[in-house]
Student: 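Just passing along the structure, written as structure tokens.
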There are 2 protein chains.
Amino acid sequence: MIDQRLQVLRVLAEVGTLTEAAHRLGYTPSAVSHQLRSLSKDLGLTILEQRGRGLALTRVGQLLLERAQELFTRWEEIRGELAEADAGSPMRQRRLRLCGFSTAAATLLPPTAEKVNELFPDSHVTIIEAEPEECFELLVTEQADIAVVVATDPLPPRSDVRFEQNALVSDRLDLLVRSDHRLATRSAVSLNEAAEESWILDRPGSPYHRLVRTACAAAGFFPENAHQSREWETGAALVSAGLGVALIPRLARLPEGYDVARVPLRGDPVPSRKILTGVRSGSAGQPIIAAALTILHEVAASVAQRDAAASAE
Amino acid sequence: MIDQRLQVLRVLAEVGTLTEAAHRLGYTPSAVSHQLRSLSKDLGLTILEQRGRGLALTRVGQLLLERAQELFTRWEEIRGELAEADAGSPMRQRRLRLCGFSTAAATLLPPTAEKVNELFPDSHVTIIEAEPEECFELLVTEQADIAVVVATDPLPPRSDVRFEQNALVSDRLDLLVRSDHRLATRSAVSLNEAAEESWILDRPGSPYHRLVRTACAAAGFFPENAHQSREWETGAALVSAGLGVALIPRLARLPEGYDVARVPLRGDPVPSRKILTGVRSGSAGQPIIAAALTILHEVAASVAQRDAAASAE
DNA sequence: ATCGATCATGCAATATTATTGCACGATCGA
DNA sequence: TCGATCGTGCAATAATATTGCATGATCGAT
């Protein structure tokens with residue numbers, strides 16, 4: 001509804017080079033160059049200037065982006081108002097696209113989609129698995145309506161006016177050990193009891209690597225990084241093989257067949273990762289989005305409940 | 001910047017049929033049909049419904065139009081802010097399009113254009129002569145930036161949120177008589193002194209016809225409609241031929257060679273027509289538009305001044 | 001009731017607009 | 001100084017919007 005070239009300009013402002021912006025948007029540099037040139041011409045403003053090899057926004061370009069955000073937000077609000085006024089219509093918005101990182105996509109999103117479908121019988125709910133950073137890009141390009149992400153460093157800050165972000169659930173971390181490990185039968189352990197273990201972490205630099213190191217640091221030790229795994233299942237396999245211990249979020253499900261035990265951690269605060277929801281600013285007023293957010297919180301609460309019960313057995 | 005299909009929807013809302021809307025916009029009905037269909041689909045809303053042979057907006061469609069106006073207005077304001085911030089740039093907005101009805105286009109607009117060109121040496125000022133109703137259409141479709149119109153019935157009301165309208169000048173009406181007429185040498189007459197004359201009016205139903213009849217009614221008589229003329233020059237020719245008298249606005253210039261005299265009218269209020277300026281809501285903040293409006297008022301004042309001096313001679 | 005005029009719509013053909021692919025000159029880091 | 005990376009412009013191409021026309025529906029007048 002509002003000129004999409006402004007989104008292109010925004011991406012350029014983020015990445016600093018036209019080539020990279022084009023790559024992110026799935027266009028060629030030529031196309032982006034032409035789009036921004038025509039935008040500048042239509043506006044009669046100098047919005048870009050060459051800075052070294054790349055392009056930077058002028059002051060006016062930045063101002064344009066700031067002000068444009070107001071329009072985007074307001075438009076989302078209007079959409080909500082319209083959707084509400086159009087409740088009974090046969091044409092009403094019945095498409096909802098949820099995106100989330102792997103665990104969320106596997107655990108939280110399917111039950112949410114199911115319940116939304118019950119509440120809106122003629123709705124089409126789509127689930128998109130994507131990395132957290134990608135999720136926000138999907139929101140802004142209108143390819144997704146709700147994002148479920150882990151709160152980690154490189155994400156847009158909570159204060160980013162383009163999004164409304166809210167805490168969804170605090171996903172506790174469990175210690176993953178082999179069944180015959182000295183801690184395997186404990187009902188709960190504190191993290192520093194595993195200080196001397198060999199640790200299986202994600203690759204250095206990854207958000208989860210940082211998360212685990214931060215948790216260990218808070219517990220007073222530095223984990224020995226014996227092995228690196230990207231996927232929970234790989235980590236479980238390594239633990240199962242007796243190569244070390246790992247931290248795994250409660251929501252992450254593991255396949256059967258690994259010789260491992262999850263031991264709940266205790267502590268204050270309990271080591272956990274924070275899971276957030278994100279929507280486009282202003283869009284939370286749209287009935288189906290509002291409903292889905294509510295349901296998402298219920299699902300998250302009930303999953304957390306179920307897991308608490310399970311771990312108490 | 002904001003989806004142009006909303007303007008199409010607005011025109012449809014005004015005229016009630018898709019065919020007429022298409023005609024006004026210079027498109028074929030097919031094109032408009034497809035545009036509105038795609039708009040409705042993109043929005044997921046039912047914005048139109050068949051009403052008899054034509055189309056009418058649903059409640060949601062009307063709401064959409066109302067809310068969209070807010071975006072249009074805000075965008076114009078932002079443009080102003082941006083233009084101000086970009087004052088020194090080589091790319092800055094230097095195009096200004098003025099539109100007005102014939103007298104304005106001939107009398108007020110040229111000196112305004114000239115002065116704007118002096119103030120903004122690299123500007124391109126365009127003058128468009130158009131009927132008052134057409135002027136507002138030009139504003140809304142971004143084909144003109146400032147409209148100068150006569151305040152008459154079928155125009156958008158001053159309260160129309162799409163425009164900001166302001167009084168520019170009150171254009172006094174003079175009595176036009178043949179040189180040998182009994183009133184020709186008077187320095188001023190009151191309108192009812194000409195109550196018994198044969199009158200040359202515009203065609204019944206036209207705004208100027210109504211204006212003159214209203215002025216006469218206020219003076220306490222009904223003019224005998226002896227002849228009808230559309231153009232000032234025709235009226236002058238008829239007066240010159242001794243066929244009657246007419247009212248002619250002070251700003252309207254007449255060619256040499258007619259055997260006529262202008263006699264100023266007195267009265268309270270003095271019979272006159274009101275001339276207004278109109279701009280798109282929010283756009284008055286753009287530097288070149290703001291400057292042009294100021295200049296337009298100066299020009300109008302000085303023209304009124306000059307005419308007052310001339311008639312006092 | 002019936003007929004002709006007016007209307008919105010859909011489809012294939014066409015015109016318009018956006019995008020690509022590639023060559024060029026500029027800038028930066030080694 | 002060289003090689004890599006970058007933005008730009010142009011012609012070719014892909015995508016999109018618009019037209020022209022045929023169809024079925026609605027309305028007013030006979």
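Letters go in sequence order (proteins before strands), and every chain restarts at 1.
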Student: Using whole Å, what does the distance between atom P of nucleotide C:dT9 and atom CG of B:Leu36 come to?
Tutor: 8 Å
Student: List the steps, then state whether salt bridge (charged side-chain N to carboxylate O under 4.0 Å, His left out) holds for B:Arg79 with B:Glu77.
Tutor: CA-CA 5 Å; B:Arg79 282 204 68 149; B:Glu77 291 172 5; over 6 Å; no
Student: Using every non-hydrogen atom in the two residues, find where B:Phe101 and B:Cys135 come nearest and quote the distance to one decimal.
Tutor: N-SG, 4.5 Å
Student: Quickly work out the A:Leu48 CG to D:dC6 P distance and round it to whole Å.
Tutor: 16 Å
Student: Quick test of your reading of the model: are B:Glu76 and B:Arg74 salt-bridged, counting only N-O distances below 4.0 Å?
Tutor: no
Student: Whole-Å distance between C:dC7 P and B:Glu20 CD?
Tutor: 8 Å
Student: Mind calculating the distance between NZ (A:Lys41) and P (D:dG9) to the nearest angstrom?
Tutor: 13 Å
Student: In whole angstroms, how far is the C1' atom of C:dT6 from the NE2 atom of B:His23?
Tutor: 15 Å
Student: Nearest whole Å is fine: how far is C:dC7 P from B:Leu18 CG?
Tutor: 10 Å
Student: Please check if any side-chain donor atom of B:Thr141 sits under 3.5 Å from a side-chain acceptor atom of B:Glu137, or the reverse.
Tutor: no
Student: Among B:Met1, B:Arg10, B:Arg280, B:Gln7, find the residue that satisfies the side chain to side chain contact (heavy atoms under 4.5 Å, CB included) test when tested with B:Phe72.
Tutor: B:Gln7
Student: Measure the distance from CD on B:Gln50 to P on C:dC7 and round it to the nearest whole Å.
Tutor: 13 Å
Student: Please state how far atom CG in A:Leu12 lies from atom P in D:dC6, giving the value in whole angstrom units.
Tutor: 12 Å
Student: Base contacts versus sugar-phosphate-only contacts with protein, heavy atoms under 4.0 Å: please encode nucleotides 18-28 of chain C as B, S and - from 5' to 3'.
Tutor: -BBBB----BB
Student: Do B:Glu84 and B:Gln286 have side-chain N/O donor and acceptor atoms under 3.5 Å apart?
Tutor: no
